[in-house]
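What follows is one structure encoded as structure tokens, with my remarks underneath.
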Amino acid sequence: MKIYLLSLGAGLLVGIVYSLLNVRSPAPPVIALVGLLGILVGEQIIPFAKTLWSREPAAVSWLQQIKPHMFGHLPKGGDLIDLAHQAEAKAEERS
């Protein structure tokens with residue numbers, strides 16, 4: 001989650017700089033982003049149809065093909081919590 005917030009913060013900072021310099025952002029218009037979403041979803045129709053045709057549960061296609069491709073590897077909160085507990089334990093050992 002931290003990397004997403006850093007990315008958002010960097011984008012906001014660049015937007016502020018663009019505004020101060022009175023330049024337009026090279027970002028594509030919203031219609032282009034909607035088109036990209038359509039491409040991303042369209043790529044998944046054939047693998048999803050193959051899963052249904054082979055009579056596998058739709059969840060199999062969602063978990064193994066669609067979700068990882070469309071959303072990437074999302075951060076796992078549990079790993080960060082474990083790291084925080086380890087850091088606290090090390091800090092207590094030093095005290």
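Every value quoted in this text rests on a predicted model; they were computed, and no experiment measured them. Just so you know, residue 1 is the first one in the sequence shown, and it goes up from there.
- Applying the 4.5 Å side-chain rule to ILVMFWY residues, one finds that Ile46 remains a lone member of its cluster.
- Grouping Ile, Leu, Val, Met, Phe, Trp and Tyr residues whose side-chain heavy atoms lie under 4.5 Å apart, directly or via other members, places Leu8 in a hydrophobic cluster with Leu12.
- No more than 12 heavy atoms of other residues, nucleotides or ligands shown are found within 6.0 angstrom of CD1 on Ile31.
- Other cluster members for Ile16: Leu20, joined by side-chain heavy-atom distances under 4.5 Å among Ile, Leu, Val, Met, Phe, Trp and Tyr.
- Hydrophobic clustering (ILVMFWY, side-chain heavy atoms < 4.5 Å, transitive): Val14 and Val17 are in one cluster.
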